[in-house]
Amino acid sequence: SGLGGGDLARALVSHVQQANLALADRQQVGVDTQGFGDLRLLVRGSLPDTPLLRVYNDAPPLWRGTFFRTYTGTSWVNPSGAPAAVDGPSAAVPKIADDPPPKGGTTRRDAVSIEPGAAGGLIWSPGVPTHLKASGNQVRKIVRGPANVRVFENPAAPLTSYTVTSVVAPTGPSILEAASGDDPADAVWTALPAEVPTEVSDLAHRITAGAGNRYQQVTAIEKYLLANETYTLNAPIAPRGVDAVDDFLFRTHQGFCELFASAETVMLRTLGVPARLVSGLAYGVKEGSSRLYTEQNAHAWVEVYYPGIGWSPVDPTAGAQLADTAGS
């Protein structure tokens, strides 16, 4: 599998971890296409190439599904909350304070074709979704939960396509380096468990000592990860009771996308920078005028908050050096 995905299997699974830290059945691991559940860092497995959706080639490469708030040391979790729902099949997506459309972002409309047999009502989008239009009578309700958007489908007419309007955040250095203003008041975006070793914070401060702004802090951490950590689907599992990010940074130096993204998010949080982990689909495979995303394109990346702009995505796994065990 390429670095663009295929490795979210260890996280978006319904299987529980066994006592010996091994997955019960690696062959049955699947991506959570409904956006439920936690993202776990202590399971391993690989995904099938089941087709999920198809978009036009000019669409952005990263399609976000779910963002996560809370790091536990071994997983990412979200609180339960009452979702906001509107009648479908066409409506403005309810707004939530934790996911505002980024200021200065690009508003775009993307047509999405759902591949036959792709189950689940999770809505994928290249930015913060603001409007959804589904085909015919296929969607009864559009639901904005605390971390994603889902639809209640018509059982007699499952979802085959939708058009999503979304606002894609700025990612250009000049815009992000000039960001100024206030950070979110909610401390959840910088919160970490007390068990995270201080050596993680010490490393983050050392790496970013010469950074003059937030964008430079992010860039410095990513350069460090690319220079010191390697990518593999079969990374060693952190021993019981050991923080997964600490284990990745200081013991194994081998990880998949969730570990790269978790390491960047955790280190940024130790600096007081609001950051969160996002799961979605990445890059896909071009086929003529379209791009196909399969379960193997499941991926995790980071969204960093820039004052005056909002949440902007960055992929710390892109360009990572392969470990010797990659592909085994």
Side-chain angles (χ1 to χ4, degrees), residues 1-8 10-11 39 41-42 44 61-62 67-68 71 73-76 171 173 176-177 189-190 192 196-238 242-280 282-283 298-306 311-327:
S1 299
L3 297 188
D7 47 34
L8 203 59
R10 287 143 311 281
L39 191 149
L41 301 176
L42 299 184
R44 301 294 183 268
L62 298 178
F67 62 85
F68 292 89
Y71 177 66
T74 57
S75 62
W76 288 90
T171 57
L176 299 182
E177 287 199 87
W189 306 117
T190 55
L192 291 169
V196 174
T198 56
E199 63 182 357
V200 176
S201 175
D202 293 343
L203 175 63
H205 281 81
R206 177 169 62 83
I207 292 170
T208 61
N213 54 55
R214 182 160 298 180
Y215 178 80
Q216 292 177 8
Q217 289 177 307
V218 172
T219 302
I221 289 175
E222 290 177 353
K223 286 182 178 179
Y224 177 87
L225 292 174
L226 294 180
N228 293 275
E229 321 304 341
T230 55
Y231 176 97
T232 175
L233 296 179
N234 298 304
I237 298 173
V242 175
D243 181 88
V245 165
D246 184 72
D247 190 64
F248 169 56
L249 291 173
F250 295 99
R251 187 178 72 89
T252 72
H253 301 287
Q254 296 181 12
F256 36 84
C257 67
E258 301 96 306
L259 283 172
F260 275 84
S262 295
E264 177 170 350
T265 304
V266 168
M267 282 197 286
L268 285 171
R269 288 189 175 192
T270 69
L271 302 173
V273 175
R276 64 193 189 190
L277 187 143
V278 178
S279 67
Y283 308 115
H299 196 48
W301 58 91
V302 181
E303 285 184 346
V304 181
Y305 191 88
Y306 287 89
W311 297 99
S312 180
V314 65
D315 183 6
T317 313
Q321 178 182 355
L322 294 177
D324 291 340
T325 59

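On a predicted model such as this, the values are computed, not experimentally measured, just so you know. Residue numbers run from 1 in the order of the sequence given.
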So, do Leu233 and Tyr231 sit near enough that their side-chain heavy atoms are less than 4.5 Å apart? yes

Which residues satisfy the side chain to side chain contact (heavy atoms under 4.5 Å, CB included) test with Leu176, sequence neighbours excluded? Tyr215, Tyr306, Ile309, Ser312

Return the CD to CD distance between Glu229 and Gln321, rounded to the nearest 0.5 Å. 10.5 Å

Of all heavy-atom pairs linking Gly319 and Leu226, the shortest is C-CD2, 3.9 Å

Are His299 and Asp315 close enough, and set up right, to give a side chain to side chain contact (heavy atoms under 4.5 Å, CB included), and what steps lead you there? CA-CA 9 Å; His299 196 48; Asp315 183 6; 3.0 Å; yes

Between Arg276 and Trp189, is there a donor-acceptor pair closer than 3.5 Å when you use the side chain of the first and the backbone of the second? no

Going by heavy atoms in the side chains, are Trp311 and Val278 under 4.5 Å from each other? no

Closest non-hydrogen contact found for Leu277 with Ala261 is CD1-CB, 3.8 Å

Do the side chains of Thr171 and Val314 get nearer than 4.5 Å, heavy atoms only? no

Would you indicate whether the side-chain heavy atoms of Tyr71 and Asp243 approach each other to under 4.5 Å? yes

Here the pair of heavy atoms bringing Ser279 nearest to Leu39 is CB-CD1, 4.1 Å

Closest non-hydrogen atom pair between Pro316 and Glu264, with its separation: CB-OE1, 3.0 Å

Show the nearest heavy-atom pair for residues Thr74 and Val242, with the distance to one decimal. CG2-O, 4.4 Å

Please round to the nearest 0.5 Å and tell me the distance separating atom CD of Glu222 and atom CZ of Phe260. 11.0 Å

Rounded to the nearest 0.5 Å, the CD1 atom of Ile221 sits from the CG atom of Leu268 at a distance of 4.0 Å

Less than 4.5 Å apart, side chain to side chain, heavy atoms only: is that true for Asp202 and His205? no

Check whether any side-chain N or O of Thr230 sits under 3.5 Å from a backbone N or O of His253 as a donor-acceptor pair, and report yes or no. yes

For Trp301 and Thr317, run side chain to side chain contact (heavy atoms under 4.5 Å, CB included): C-alpha distance rounded to whole Å, both residues' side-chain angles, the deciding distance at 0.1 Å, then the answer. CA-CA 8 Å; Trp301 58 91; Thr317 313; over 6 Å; no

Sub-4.5 Å side-chain heavy-atom contact between Phe68 and Thr265: no

Where do Ala235 and Gly255 come nearest, in terms of heavy atoms and distance? CB-CA, 3.8 Å

Looking at residues at least two apart in the chain, or sitting in another chain, which of them share a side chain to side chain contact (heavy atoms under 4.5 Å, CB included) with Ala263? Leu225, Val245, Phe248, Leu249

Side-chain contact test, heavy atoms from C-beta onward, threshold under 4.5 Å: evaluate it for Met267 versus Val200 and give yes or no. yes

Leu271 and side chain to side chain contact (heavy atoms under 4.5 Å, CB included): which partner among Ile207, Thr208, Val218? Thr208

Residues Asp247, Thr252; criterion side chain to side chain contact (heavy atoms under 4.5 Å, CB included); working and verdict: CA-CA 6 Å; Asp247 190 64; Thr252 72; 3.4 Å; yes

Just how far is it from atom OG of Ser262 to atom CZ of Arg269, taken to the nearest 0.5 Å? 10.0 Å

